[in-house]
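Position 1 is the first residue of the sequence; numbering continues from there.
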Amino acid sequence: MSTGKVDVLLGLQWGDEGKGKVVDVLTPGYDVIARFQGGPNAGHTLEFEGQKYVLRSIPSGIFQGGKVNIIGNGVVLAPDLFMAEAKDLEKSGHDLKSRLHISKKAHLIMPTHRVLDRALEAAKGKSKVGTTGKGIGPTYTDKVSRNGLRVGDIFENFEEKYAAHKARHLEMLKALNFNDFDITEDEKRWMEGIEYMRQFSIVDSEHEINNLLRSGKSILCEGAQGTMLDVDFGSYPFVTSSNTVCAGACTGLGIGPNKIGNVYGIMKAYCTRVGAGPFPTELFDETGAELRRLGHEYGAVTGRERRCGWIDLVALKYAIMVNGVTQLIMMKSDVLDGFDNIKACVAYRQNGREIDYFPYDINEGIEPVYKEIPGWKTDMTQFTSEDQFPKEFNDYVEFLEAELETPIKIISIGPDRAQTIVRK
């Protein structure tokens with residue numbers, strides 16, 4: 001019996017690393033693309049043939065014909081947002097219904113989850129996490145407290161189940177004294193989304209994936225957000241509500257850890273973060289503003305300004321360790337094309353002591369220790385081969401590889417699918 005392979009692709013920073021583009025580039029080498037966690041708070045942006053697409057819940061392999069795309073059990077799904085996203089793709093000529101499969105065990109984001117998200121964030125006062133308000137946290141909370149509503153529930157006594165969950169949420173909102181909402185229109189669209197979802201192939205995804213593996217198929221697992229937002233290993237409590245690390249592919253898809261081969265870790269040539277929470281290398285000066293301008297650093301879903309800073313090698317080493325990363329992919333290298341000098345954080349100074357590891361708490365008292373590196377002052381956006389890279393850029397890549405003890409195999413020099421260089 002032939003056995004297929006499973007590779008995992010995930011972000012190593014605070015999300016927004018460019019995972020969607022890389023999944024699209026790597027998809028021709030796989031039979032199946034499977035999303036394993038997160039919800040529609042993440043936007044994976046892809047650009048090719050003059051078109052720009054933002055995917056929230058649908059795997060980024062959907063654009064390459066003939067591939068199976070699976071939304072796994074670890075994902076939380078909003079039927080109304082899924083319907084809008086899918087219909088947009090169908091309008092642009094992409095056949096979803098024959099290629100997209102949805103796990104019965106994926107949990108549903110209800111309209112009241114989104115209201116709860118706003119209410120709970122408001123209750124935090126000055127300690128806000130900076131959520132997108134998409135209902136992700138409350139949905140995962142219901143999941144782990146064994147109160148969730150799942151995709152598989154839509155086929156039997158659904159209205160009754162929905163009403164019970166809604167009533168419980170309304171009681172919670174009453175207890176929070178949060179009355180400023182009207183979900184009438186949201187609920188109507190949400191129910192339309194449920195009807196629309198019923199047209200798709202809704203499967204026991206863990207069985208499907210393992211059967212595909214047994215038949216020799218290759219699977220690429222697509223993560224959302226980034227390692228530093230992982231609920232266990234990220235900058236808690238300023239994190240998302242799922243496991244964004246490699247282990248999340250096992251629990252979010254039902255894959256045994258012994259099946260995993262390559263782990264692709266994606267990073268930017270600098271660093272960004274959206275929302276509240278610590279960010280040791282954040283730049284508040286003109287350099288930070290320039291990184292934001294050149295990198296078009298605004299949230300794909302929310303439009304929020306991303307906070308920008310230099311690359312943080314302490315956090316990256318930690319992310320590589322907890323994920324077992326085998327290959328690195330560096331995005332947005334072109335954003336640094338015009339800088340005379342660039343910096344890389346090689347250690348933290350905490351309470352007057354220099355440390356080179358990621359500590360329990362980075363919420364305060366962390367000061368980055370930088371190494372300065374000469375810039376390459378070259379427009380690389382039209383390059384088609386690594387042979388064209390200037391010496392200074394090659395020096396930067398070699399420095400990063402030595403520090404991170406992991407090879408950088410793919411380098412992105414622009415947003416388009418074609419602006420991707422695979423190194424020998």
Side-chain angles (χ1 to χ4, degrees), residues 14-16 38-43 54 56-57 75-85 87-88 106-151 153-154 158-197 224-225 229 231 235-242 273-277 298-307:
W14 276 283
D16 309 307
N41 54 336
V54 178
R56 294 167 176 80
S57 299
V75 173
V76 290
L77 199 58
D80 50 346
L81 300 182
F82 168 77
M83 176 176 66
E85 181 182 344
K87 284 187 172 181
D88 274 351
H107 280 247
L108 292 169
I109 302 170
M110 295 172 54
T112 40
H113 280 132
R114 295 193 280 250
V115 181
L116 276 166
D117 205 348
R118 296 201 303 274
L120 292 165
E121 187 77 339
K124 286 186 172 78
K126 291 182 179 177
S127 303
K128 286 181 173 59
V129 173
T131 77
T132 59
K134 301 287 183 186
I136 311 300
T139 307
Y140 277 114
T141 299
D142 272 358
K143 175 179 176 173
V144 298
S145 65
R146 304 181 295 281
N147 283 305
L149 190 64
R150 300 187 293 177
V151 171
D153 290 322
I154 70 175
F158 178 65
E159 286 73 16
E160 185 184 321
K161 292 172 186 173
Y162 175 82
H165 285 281
K166 177 183 171 182
R168 186 172 54 83
H169 290 163
L170 292 175
E171 284 298 315
M172 292 165 70
L173 288 162
K174 189 176 174 183
L176 287 164
N177 199 28
F178 193 84
N179 309 305
D180 183 21
F181 64 93
D182 179 359
I183 61 167
T184 309
E185 286 303 311
D186 278 356
E187 198 169 44
K188 185 180 168 189
R189 279 193 302 273
W190 196 87
M191 288 299 182
E192 287 171 13
I194 290 289
E195 287 305 313
Y196 179 75
M197 274 175 57
Q225 291 91 32
L229 293 177
V231 69
S235 53
Y236 194 87
F238 300 97
V239 292
T240 195
S241 300
S242 60
R273 176 165 197 166
V274 170
Y298 301 91
V301 170
T302 62
R304 290 186 293 180
E305 280 192 355
R306 292 183 186 137
R307 300 152 64 191

Quick one: does P40's side chain get under 4.5 Å of I136's, heavy atoms only?
yes
Partners meeting side chain to side chain donor-acceptor pair (under 3.5 Å) with T240 (sequence neighbours left out):
none
Taking side chain to side chain donor-acceptor pair (under 3.5 Å) as the test, write out the residues that go with R307, two or more places apart.
E282
Do we see a donor-acceptor contact under 3.5 Å between the side chains of T139 and H113?
yes
Atom pair CZ/OG1 of R189 and T184 - distance to nearest 0.5 Å
10.5 Å
What verdict does the side-chain contact (heavy atoms from CB on, under 4.5 Å) test give for S235 and R273, after you've listed the backbone C-alpha separation in whole Å, the side-chain angles of each residue and the deciding distance to 0.1 Å?
CA-CA 11 Å; S235 53; R273 176 165 197 166; 3.0 Å; yes
If I compare all heavy atoms of L229 with all of G15, which pair ends up nearest, and what's the gap?
CD1-N, 4.5 Å
Beyond-backbone contact of F181 with R114, side-chain heavy atoms, under 4.5 angstrom:
no
Kindly compute the distance separating CZ (R150) from CG (L108), expressed to the nearest 0.5 Å.
10.0 Å
For side-chain contact (heavy atoms from CB on, under 4.5 Å), just list the numbers for R118 and F178, CA-CA rounded to whole Å, side-chain angles, deciding distance to a tenth of an Å, and then say yes or no.
CA-CA 9 Å; R118 296 201 303 274; F178 193 84; 4.2 Å; yes
Compare all side-chain heavy atoms of L120 with those of T141 and state whether any distance is below 4.5 angstrom.
no
For residues S241 and G137, report the shortest heavy-atom separation together with the two atoms involved.
OG-CA, 3.3 Å
One should read off an interatomic distance between L116 CG and L173 CG, to the nearest 0.5 angstrom, of 4.0 Å
If I take atom NE2 from residue H165 and atom CG from residue N147, how far apart are they, to the nearest 0.5 angstrom?
7.0 Å
Keeping R306 on the side-chain end and Y298 on the backbone end, is there a donor-acceptor pair under 3.5 Å?
yes
Sequence neighbours excluded, every pair satisfying salt bridge (charged side-chain N to carboxylate O under 4.0 Å, His left out) that has a member inside residues 161-173
D142-R168, D153-K161, K166-E187
CD1 of I154 to CE of M191: how many Å apart, nearest 0.5 Å?
11.0 Å
Closer than 3.5 angstrom, by distance alone: can the side chain of Y140 be matched with the main-chain N or O of G38 as a donor-acceptor pair?
yes
Please evaluate residues L81 and I109 with respect to the criterion side-chain contact (heavy atoms from CB on, under 4.5 Å), reporting the C-alpha separation (whole Å), side-chain torsions for both, the decisive distance (0.1 Å), and the verdict.
CA-CA 10 Å; L81 300 182; I109 302 170; over 6 Å; no
Side chain proximity check, V115 to D186, heavy atoms < 4.5 angstrom:
no
Atom of W190, atom of L149 and distance for their closest heavy-atom approach:
CH2-CD2, 4.4 Å
